[in-house]
Participant: 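Okay, here's the structure, questions in a sec.
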Amino acid sequence: FHYPFENEEEFEQRFPADFICEAIDQTRGWFYTLLAESTMLFGEPSYRNCVCLGLILDTEGQKMSKSKGNVVAPWEVLDEFGADAFRWYLFTAQQPWSGYRFSLEAISEAMRSFLLTLWNTYSFWVLYANAENFDSSMPPGPPEDPTDLDRWLISRLQATVETVGMHMDGFDCTAAGKEISDFVEELSNWYVRLSRRRFWEGDKAAFQTLRHCLVEVSALLAPFTPFIADEIHSNLVGGADGDFGDMPDSVHLRDFPQADAGLRDMDLEMVMAATRRTVELGRASRAQAKAKVRQPLAKAVVVATDAERRAISSQESLIKTELNVKEIEFVTDQSDLVRYTIKPNYRTLGPRYGKGMPQVAAAVAALDADHVAQTIEAGGEIGVSIDGRDHTLGPDDLLMSMEPVEGYQVEAQSGHAVALALELDDELIREGIAREVVHAVQNARKNAGFEITDRITLALGGDPKLLEAAKEHQAWIADEVLATDVSFKTDGGEKVTVDGLPLSIEVRVSTG
């Protein structure tokens with residue numbers, strides 16, 4: 001500003017700067033010069049915040065240099081992945097002052113794990129909104145009659161807006177980006193996945209909730225990924241047709257989101273957190289047992305405190321659907337589901353005790369394995385007496401293994417556990433086959449190029465075992481695949497196999 005020779009008023013309005021930003025090699029240059037001059041002239045710093053960027057390194061951790069030939073031309077990255085993916089990687093891969101091991105694979109992963117998830121969620125809304133002729137002239141906002149799932153998502157949005165704003169005010173874009181990424185994961189892999197049938201059936205509250213959250217997420221993302229944020233926002237807010245009050249068409253012309261404390265429901269968030277944890281452990285248990293996702297199981301047994309039991313019970317129907325089980329039982333102690341065995345870790349204990357290891361091994365063998373497991377899970381240490389002297393053993397000193405009770409598969413984490421009963425009766429097996437048939441029919445619909453709302457007539461042929469299961473669950477199958485008529489005699493159509501057995505699927509658009 002050429003101060004003090006002119007522009008004195010403007011200088012005083014803008015001094016000190018909110019923040020400055022440069023790479024670490026300016027620590028002894030620009031950063032120090034500004035600080036030293038300002039201190040000598042005014043007795044205070046010339047900047048309130050300083051963001052110091054680390055260096056961009058190659059995949060081997062070497063500083064990029066033209067002389068070394070290890071530089072990557074920025075335009076190659078922009079041409080292949082676009083500016084948004086490049087920006088998102090630089091903002092969120094790690095703290096900017098830590099530096100980056102740059103690679104095209106890392107940017108590709110950033111694009112897949114976040115930007116494509118966000119875009120696919122947006123595309124999902126557009127697909128079903130067009131199919132349902134959703135009235136986009138309505139201003140975006142929370143629905144008037146939300147379900148618990150809608151209220152949970154809107155509550156999580158308020159928490160995300162508040163936390164992102166706090167981190168952005170603190171010039172911590174990496175932590176802010178992680179909060180946005182976590183919310184988009186909840187949006188896509190929990191809310192949308194659980195609400196697919198609602199969108200399929202044209203539930204207005206589901207459309208309003210997802211639209212509102214996508215609009216606000218695009219505003220949170222505007223400083224990070226300006227192009228995809230503006231594309232989503234301008235389309236969902238109304239495109240070129242006009243603005244909604246104080247919400248302009250372009251995301252870059254609106255205010256940054258502000259949390260609404262009145263829409264926050266901490267109790268509901270706690271309930272849904274317990275529900276998600278139960279589902280995640282149950283899925284991990286199913287994966288460990290190699291039990292097919294579409295095969296119903298008799299029951300899930302959940303380790304839960306009284307408070308957790310109340311929370312989980314309120315969402316019992318959702319959990320049974322997600323885990324594909326018929327009932328849920330509760331126990332209060334993990335030892336009801338598993339048996340622990342504990343052995344000494346000779347790798348860590350050997351150097352400490354040397355010839356005394358036999359006594360250490362004997363002391364470990366005398367321990368109550370269940371008590372040790374609970375103590376270690378809680379972050380504690382185990383006391384043992386060796387030759388009359390007390391010693392403590394930590395989690396690295398003990399090798400714990402967990403064996404589920406017979407007939408169950410258990411997954412445990414931090415004091416929480418879910419066990420699935422693996423034994424199948426004939427009724428469960430037939431229902432599992434019916435679910436596989438539905439999956440095959442849905443694929444046949446897709447291969448035939450049908451719209452998601454098209455009603456069909458369905459004819460099935462093939463192995464009697466498959467047809468018997470399909471007949472038993474005929475009404476449910478018809479509802480799932482939008483079939484107005486189901487018959488069980490055909491040799492035509494698409495040929496597939498279900499559990500190694502032949503199945504013929506003939507689908508036609510219904511004219512009735």
Side-chain angles (χ1 to χ4, degrees), residues 146-156 182-183 185-201 203 205-206 209 265-334 336-338 404-405 407-425 427-428 431-432 434-435 438-439 473 476 479-480:
T147 65
D148 280 351
L149 195 60
D150 299 330
R151 291 193 302 107
W152 165 80
L153 185 65
I154 291 169
S155 180
R156 288 292 304 125
D182 288 346
F183 179 75
E185 192 278 331
E186 292 178 320
L187 184 68
S188 171
N189 295 322
W190 188 250
Y191 180 80
V192 169
R193 192 168 52 76
L194 296 184
S195 303
R196 283 184 178 276
R197 179 171 288 276
R198 295 176 63 198
F199 286 98
W200 193 11
E201 295 172 350
D203 188 319
T209 299
D265 189 332
M266 300 289 288
D267 290 338
L268 182 57
E269 288 187 42
M270 183 274 292
V271 166
M272 202 59 73
T275 301
R276 291 192 70 190
R277 182 172 57 244
T278 300
V279 169
E280 287 165 4
L281 288 173
R283 285 187 188 150
S285 179
R286 184 182 278 269
Q288 282 287 92
K290 294 182 171 58
K292 292 186 293 186
V293 174
R294 284 182 282 276
Q295 174 58 62
L297 300 175
K299 65 180 176 180
V301 183
V302 181
V303 177
T305 64
D306 289 342
E308 290 171 332
R309 181 179 301 194
R310 289 192 294 271
I312 295 169
S313 294
S314 71
Q315 302 295 321
E316 184 171 333
S317 176
L318 185 157
I319 294 172
K320 287 196 293 188
T321 299
E322 284 298 291
L323 296 184
N324 197 8
V325 297
K326 295 301 181 182
E327 60 178 295
I328 295 177
E329 292 183 2
F330 294 96
V331 296
T332 56
D333 196 327
Q334 196 166 297
D336 292 337
L337 301 177
V338 297
V405 296
Y408 289 83
Q409 179 66 46
V410 180
E411 190 70 20
Q413 185 181 61
S414 303
H416 304 280
V418 175
L420 298 182
L422 301 178
E423 186 175 350
L424 301 176
D425 58 23
E427 185 176 343
L428 288 173
E431 184 176 343
R435 289 173 178 266
V438 165
H439 179 66
H473 297 276
W476 175 77
D479 186 51
E480 288 293 306

Participant: Given side chains that start at C-beta, do those of L149 and L194 come closer than 4.5 Å, heavy atoms only?
Facilitator: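 L149 vs L194: side chains touch.
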Participant: Say you draw a straight line from CG of L420 to CD of Q288; how long is it, rounded to the nearest 0.5 Å?
Facilitator: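 Between atom CG of L420 and atom CD of Q288 there are 11.5 Å.
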Participant: Could you give me the CA-CA distance, side-chain angles and deciding distance for R198 and D150, then say whether salt bridge (charged side-chain N to carboxylate O under 4.0 Å, His left out) is met?
Facilitator: CA-CA 11 Å; R198 295 176 63 198; D150 299 330; 2.8 Å; yes
Participant: Within the distance-only criterion (no hydrogens, no angle test), does the side chain of R286 pair as donor or acceptor with the backbone N or O of L323 below 3.5 angstrom?
Facilitator: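 Yes, because the side chain of R286 sits within donor-acceptor range (under 3.5 Å) of the backbone of L323.
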Participant: Counting only heavy atoms not in E201, do more than 12 fall under 6.0 Å of its CD?
Facilitator: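 Enclosed: over 12 neighbouring heavy atoms sit under 6.0 Å from CD of E201.
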Participant: Can you list the steps and then say if R435 with Q295 is a side-chain contact (heavy atoms from CB on, under 4.5 Å)?
Facilitator: CA-CA 7 Å; R435 289 173 178 266; Q295 174 58 62; over 6 Å; no
Participant: Nearest 0.5 Å, what's the CD-OG distance between E322 and S317?
Facilitator: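 One finds 10.5 Å between CD of E322 and OG of S317.
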Participant: Passes side-chain contact (heavy atoms from CB on, under 4.5 Å), V302 versus I312? Steps please.
Facilitator: CA-CA 9 Å; V302 181; I312 295 169; 3.9 Å; yes
Participant: Rounded to the nearest 0.5 Å, how far does CD1 of I319 lie from CD1 of I328?
Facilitator: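 The distance works out to 4.5 Å.
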Participant: Are the side chain of T275 and the backbone N or O of V271 linked by a donor-acceptor pair below 3.5 Å?
Facilitator: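 The answer is yes, because a donor-acceptor pair under 3.5 Å joins these two groups.
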Participant: Looking at A417 and L281, what are the two nearest heavy atoms and their distance?
Facilitator: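 Here A417 and L281 meet closest at N-CD1, 3.9 Å.
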Participant: Is it true that S285 and Q409 share a donor-acceptor pair across their side chains at a distance under 3.5 Å?
Facilitator: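 No, no side-chain donor-acceptor pair sits under 3.5 Å.
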Participant: Report the C-alpha separation of V301 and V410 in whole Å, then their side-chain angles, then the decisive distance to 0.1 Å, and conclude whether the side-chain contact (heavy atoms from CB on, under 4.5 Å) test is met.
Facilitator: CA-CA 9 Å; V301 183; V410 180; over 6 Å; no
Participant: Give a yes or no answer on whether the side chain of E423 reaches the backbone of Y408 with a donor-acceptor pair at less than 3.5 Å.
Facilitator: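 Flag not set: sc E423 to bb Y408 has no pair under 3.5 Å.
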Participant: If you count every heavy atom of other residues, nucleotides or ligands that lies below 6.0 Å from E427 atom CD, does the total exceed 12?
Facilitator: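 Check fails, neighbour count at 12 or below.
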Participant: Do E480 and V438 come within less than 4.5 Å of each other through their side chains, counting heavy atoms only?
Facilitator: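 Yes; the side chains approach each other to less than 4.5 Å.
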Participant: Any idea which heavy atoms bring A304 and F330 closest together, and the distance?
Facilitator: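 Here A304 and F330 meet closest at CB-CD2, 4.1 Å.
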Participant: Mark yes or no for whether R276, through its side chain, and M272, through its backbone, hold a donor-acceptor pair below 3.5 Å.
Facilitator: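 No; judged by distance alone, with no hydrogens or angles, the pair does not exist.
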Participant: Side chains of D148 and Q315, heavy atoms from C-beta outward: is any pair under 4.5 Å?
Facilitator: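 Yes; the side chains approach each other to less than 4.5 Å.
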Participant: Is there a side-chain contact between T209 and Y191 in this structure, where contact means two heavy atoms from C-beta onward sitting under 4.5 Å apart?
Facilitator: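 Heavy-atom side-chain distance check passes, below 4.5 Å.
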Participant: Please check this pair: side chain of T305 against backbone of E308, looking for a donor-acceptor N/O pair closer than 3.5 Å.
Facilitator: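 Pair found, side chain donor or acceptor close to backbone of E308.
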Participant: One thing to verify: whether D182 and R156 come together as a salt bridge, which I'm taking to mean a side-chain N less than 4.0 angstrom from a carboxylate O.
Facilitator: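 Salt bridge between R156 and D182, a charged N being under 4.0 Å from a carboxylate O: no.
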Participant: Please assess K326 against E431 for the test salt bridge (charged side-chain N to carboxylate O under 4.0 Å, His left out), listing each intermediate value before the final yes or no.
Facilitator: CA-CA 11 Å; K326 295 301 181 182; E431 184 176 343; 2.7 Å; yes
Participant: One pair to check against salt bridge (charged side-chain N to carboxylate O under 4.0 Å, His left out): E327 and K299. What are the steps and the verdict?
Facilitator: CA-CA 5 Å; E327 60 178 295; K299 65 180 176 180; 6.0 Å; no
Participant: Specify the closest pair of heavy atoms between L422 and A289, including all atoms of both residues, with the distance to one decimal.
Facilitator: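 So the minimum-distance heavy-atom pair works out to CD2-CB, 3.8 Å.
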Participant: Counting N and O atoms only, with roles assigned by atom type, does the side chain of D265 sit under 3.5 Å from a partner on the main chain of W152, one being a donor and the other an acceptor?
Facilitator: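 Between the backbone of W152 and the side chain of D265 there is no qualifying donor-acceptor contact (under 3.5 Å).
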Participant: Could you check if a side-chain atom of V303 sits within less than 4.5 angstrom of a side-chain atom of H416, using non-hydrogen atoms only?
Facilitator: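 Result no, sub-4.5 Å side-chain heavy-atom pair not found.
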Participant: Would you say W190 and L153 make side-chain contact, with heavy atoms under 4.5 Å?
Facilitator: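 With C-beta onward as the side chain, the pair stays apart.
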Participant: Going from NE2 on H439 to CZ on R294, what distance comes out if it is rounded to the nearest 0.5 angstrom?
Facilitator: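 Separation between the atoms: 4.0 Å.
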Participant: What verdict does the side-chain contact (heavy atoms from CB on, under 4.5 Å) test give for R151 and T147, after you've listed the backbone C-alpha separation in whole Å, the side-chain angles of each residue and the deciding distance to 0.1 Å?
Facilitator: CA-CA 6 Å; R151 291 193 302 107; T147 65; over 6 Å; no
